[in-house]
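In what follows, every heavy atom counts, from backbone to side chain, and hydrogens, waters and symmetry copies are set aside. Throughout, a chain's letter reflects where its sequence line sits, starting with A, and its residues are numbered from 1.
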Protein chains: 2
Amino acid sequence: MPPRQHRKVSGKDVAEAAGVSRTTVSFVLNDRPNSAIPEETRRRVLTAAEALGYAPLPEARALKMGHSDVVLCLLPDWPITGPLGVLLESLSARLADSGLTMLAHQRRPDDDLSQVLGALTPTTIVAMCDLSEIEVSYAEARGISLVAFMGDVPGRPDLAGLRQSDIGRLQVAALVDRGHASVAYVLPHDRNLDWFSEPRLEGAREEAQRRNADLIEYRDVDNGGARLATWVISAARDRVTGICAYNDEVALSILMAAHGAGIAVPEDVSLIGVDDSCFTRMTRPPLSSVGFGLGVEVQRLAALITESGTEVRGSDEILQLQIRQSVQDLSATP
Amino acid sequence: MPPRQHRKVSGKDVAEAAGVSRTTVSFVLNDRPNSAIPEETRRRVLTAAEALGYAPLPEARALKMGHSDVVLCLLPDWPITGPLGVLLESLSARLADSGLTMLAHQRRPDDDLSQVLGALTPTTIVAMCDLSEIEVSYAEARGISLVAFMGDVPGRPDLAGLRQSDIGRLQVAALVDRGHASVAYVLPHDRNLDWFSEPRLEGAREEAQRRNADLIEYRDVDNGGARLATWVISAARDRVTGICAYNDEVALSILMAAHGAGIAVPEDVSLIGVDDSCFTRMTRPPLSSVGFGLGVEVQRLAALITESGTEVRGSDEILQLQIRQSVQDLSATP
DNA sequence: CTGTTAGCGCCTTCAA
DNA sequence: TTGAAGGCGCTAACAG
């Protein structure tokens with residue numbers, strides 16, 4: 001255990017302890033390729049640094065070098081949940097492999113970029129939320145590179161290969177493929193989710209039209225499920241045989257409402273959600289869902305950040321359709 | 001919109017543009033109390049700074065001042081979910097009110113504190129994960145104050161008023177209060193969750209003993225629910241009338257297993273989870289749960305960080321028992 | 001092979 | 001009321 005001391009230990013202290021100059025310390029610690037430094041000296045510096053518990057001050061280093069090795073993830077101001085949490089975790093790990101440190105900041109509704117950038121200067125910002133044009137130029141002026149990832153940023157293409165609209169498309173396709181000619185799309189009312197829900201619905205509409213299927217929409221999801229139950233009954237009467245839910249929570253809500261209403265899943269109506277949440281396997285019947293193969297996605301994003309590549313892949317390789325017992329294949333019964 | 005430029009704009013540039021010295025710029029921008037600066041000059045500096053899009057470089061400032069205004073939240077390496085996400089969000093907001101910027105970093109299984117601290121030097125670290133003794137002294141040596149919050153940190157009391165054991169205690173108490181004399185505690189196998197699950201179980205054991213109730217434990221939660229279903233049946237036969245689940249997901253799993261096994265909730269067996277997840281209101285019957293009133297908790301933590309207070313409150317004010325229809329009051333039937 | 005030196009952008013004491 | 005100067009800790013070109 002290094003001795004506790006109040007004054008912070010600087011490179012100068014190490015130099016003195018090792019009996020060399022600060023330059024030498026810097027060279028040794030940064031492993032200069034021009035390592036014409038005798039092994040003996042090297043070791044003396046190293047042990048001195050170790051003994052004192054020395055580590056270079058990141059601020060000073062960044063000041064000198066003109067850039068830090070921090071990647072800032074800007075998150076929207078609603079609670080992090082589901083796949084996003086996983087994505088953050090693995091992106092962080094990937095970047096760490098390249099010597100980059102990922103830090104996340106949740107922005108508040110009304111504060112702008114300058115707040116965070118007043119606290120540190122990242123090398124790159126991964127915007128997972130919308131950014132204004134002013135904020136973009138603010139970042140640009142500071143030489144920070146900007147990457148849009150599931151957020152709207154003026155002048156930057158969204159690098160997420162994952163298109164929200166493809167989710168809705170895939171849900172509808174999964175049902176139509178299995179012989180469902182009339183399907184419904186159920187989404188919650190929360191305006192915060194518009195960024196996700198509108199494109200999904202739009203994709204569902206397009207796919208339904210393309211496949212000549214009927215699509216009806218329903219937005220009145222209540223917690224108790226009372227209104228939902230009556231809706232499910234009427235939908236079933238209207239020959240709706242498949243329901244796409246905005247996400248697995250909504251799907252669960254529908255599942256329970258159907259239970260209570262005497263509508264059997266999947267015999268009377270099939271059901272498919274989004275997120276492939278952990279509880280999808282815990283319901284009866286197990287919920288079908290559209291999951292995310294984020295491994296590839298994260299790897300790509302990390303590569304993009306570290307090497308500034310540009311290749312963008314499509315959703316097809318990311319979305320993972322998980323058909324479980326909540327979906328019935330109507331075309332399989334001759 | 002400020003003009004785009006490649007070279008970063010420094011205080012010197014502002015000084016030149018305004019035709020004053022750098023000192024004056026610094027004085028104006030930092031609003032020195034000794035403001036003997038003529039209004040005319042003040043305005044010239046301010047407009048120049050605005051026009052150039054100037055903002056002080058945080059690294060340089062931190063270097064000079066000897067401290068940053070960053071609070072670093074160290075998160076465990078599993079995906080963020082549920083209440084933790086909410087806590088982060090509101091803590092961030094609170095700290096921002098005090099001019100502090102909260103950044104979150106998810107640590108990897110094998111990297112230690114020095115990795116992150118090689119990228120920035122926060123004023124305070126909020127440890128929501130376990131820290132080793134070496135890491136503690138590492139932070140101390142750098143003058144970083146350390147706060148343990150739902151994580152084990154040598155030499156630091158856990159400042160979370162929320163004790164995990166109180167959760168288990170409360171679950172059992174909720175059932176015993178309602179006339180259940182024999183209860184079960186069901187938890188998953190995941191070792192990652194030990195930090196949470198073991199204390200909860202322990203609390204449950206203590207409460208059961210104190211109240212003279214039987215407590216049986218079950219850890220074999222499978223996804224399909226097959227084993228769980230047979231267990232539920234045997235538990236019901238053994239006169240278990242109430243089940244506490246480690247969290248709401250497990251509770252859902254149990255609920256569905258019971259459904260399938262012909263065990264009625266709450267008529268045959270009552271059920272209570274933890275987290276008060278959003279889907280608790282979407283099940284049939286709606287799940288009872290122990291939720292978290294994190295508003296108070298966050299406010300306290302923020303105050304602790306900004307003012308270094310020490311007062312610690314207990315779980316009672318934080319845990320919120322939500323009894324819904326999944327719990328039956330046996331003592332109410334005379 | 002190693003030490004001297006300059007300067008990154010910022011703040012603040014001290015003179016003028 | 002403003003300018004000059006020093007130094008925070010670090011790196012790297014440039015001597016020696």
Side-chain angles (χ1 to χ4, degrees), chain A residues 5 7-46 48-49 52-69 117-121 123 141-144, chain B residues 5 7-45 48-49 52-69 117-121 123 141-143:
Chain A
Q5 41 196 44
R7 261 183 62 266
K8 292 179 201 170
V9 28
S10 77
K12 191 173 161 188
D13 300 322
V14 178
E16 282 170 7
V20 297
S21 90
R22 296 199 48 205
T23 313
T24 313
V25 174
S26 189
F27 277 11
V28 170
L29 263 47
N30 295 359
D31 239 353
R32 289 263 83 198
N34 185 11
S35 56
I37 292 176
E39 192 54 28
E40 146 70 9
T41 312
R42 243 183 73 83
R43 292 180 53 85
R44 227 179 35 229
V45 170
L46 250 27
L52 294 176
Y54 168 79
L57 200 66
E59 287 75 18
R61 188 185 206 117
L63 182 57
K64 182 65 189 171
M65 306 296 261
H67 70 94
S68 66
D69 53 354
L117 296 188
L120 60 6
T121 312
T123 289
R142 275 158 196 72
I144 301 170
Chain B
Q5 43 196 43
R7 261 184 61 264
K8 292 181 203 170
V9 27
S10 75
K12 192 173 162 189
D13 300 322
V14 178
E16 283 170 6
V20 297
S21 88
R22 296 199 48 205
T23 315
T24 314
V25 174
S26 189
F27 277 12
V28 169
L29 264 46
N30 294 1
D31 240 353
R32 290 259 83 199
N34 184 10
S35 56
I37 292 176
E39 192 55 27
E40 145 71 7
T41 312
R42 241 182 76 83
R43 292 179 54 86
R44 232 183 27 234
V45 170
L52 294 175
Y54 169 78
L57 200 67
E59 288 76 19
R61 189 186 205 114
L63 181 57
K64 182 65 189 173
M65 306 298 259
H67 69 94
S68 67
D69 52 355
L117 295 188
L120 59 5
T121 313
T123 290
R142 277 159 193 71

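- Comparing B:Val20 and B:Ala60 against DNA chain D, the residue whose closest nucleotide sits nearer the 5' end is B:Val20.
- The side chain of B:Asn30 has C:dC11 as its nearest neighbour among C:dC11, C:dG9, C:dG3.
- Side-chain contact check for A:Leu117 versus A:Ile144: some heavy-atom pair is nearer than 4.5 Å.
- At the heavy-atom level, A:Leu57 lies under 4.0 Å from the strands shown only through sugar-phosphate atoms.
- Ranking D:dG9, D:dT2, C:dT2 by closeness to the A:Thr41 side chain, first place goes to C:dT2.
- Comparing C:dC11, C:dC10, D:dC8 by their closest approach to the side chain of B:Met65 singles out C:dC11.
- Rounded to whole angstrom, the span from the CZ atom of B:Arg22 across to the P atom of C:dC14 amounts to 20 Å.
- Remark: P of C:dG3 and CD of A:Glu16 are 12 Å apart, rounded to the nearest angstrom.
- For A:Lys64, taking side-chain heavy atoms from C-beta onward, the closest of the listed nucleotides C:dC8, D:dC8, C:dG3 is C:dC8.
- Between B:Ser21 and the phosphate of D:dG3, there is a side-chain N or O to OP1/OP2 separation shorter than 4.0 Å.
- Between the CD atom of B:Glu59 and the OG atom of B:Ser68 there is a distance of 10.0 Å, given to the nearest 0.5 Å.
- Nucleic acid contact for A:Thr24: sugar-phosphate only, since backbone atoms but no base atoms lie under 4.0 Å from a heavy atom of the residue.
- With contacts defined as side-chain heavy-atom distances shorter than 4.5 Å, the pair A:Leu57/A:Ser10 does not qualify.
- With both ends at atom C1', the span from D:dG7 to C:dT5 equals 15 Å, rounded to whole Å.
- Listed nucleotides D:dT1, D:dA12, C:dT13 differ in distance to B:Phe27; the shortest reach to its side chain belongs to C:dT13.
- If you take CD of B:Glu59 and P of D:dG7, they are 23 Å apart, rounded to a whole angstrom.
- Atom-to-atom distance recorded for B:Leu29:CG and B:Thr24:OG1 is 11.0 Å, nearest 0.5 angstrom.
- Rounded to whole angstrom, the span from the CZ atom of B:Arg61 across to the C1' atom of C:dC8 amounts to 17 Å.
- Rounded to whole angstrom, the span from the CG atom of B:Asp13 across to the P atom of C:dC8 amounts to 11 Å.
- A straight line from CG of B:Leu63 to C1' of C:dC8 spans 9 Å, rounded to a whole angstrom.
- Contact check for A:Arg61 versus A:Lys64: no side-chain heavy atoms found under the 4.5 Å cut-off.
- Here D:dT11 is the nucleotide among C:dG3, C:dT2, D:dT11 with the atom lying nearest to any side-chain atom of A:Ser26.
- Look at NE2 on B:His67: it is 16 Å from P on C:dC10, rounded to the nearest Å.
- When the P atom of D:dG9 is taken as reference, atom CG of A:Leu52 falls 14 Å away, rounded to whole Å.
- The side chain of B:Pro56 has C:dC10 as its nearest neighbour among C:dG9, C:dC10, C:dT2.
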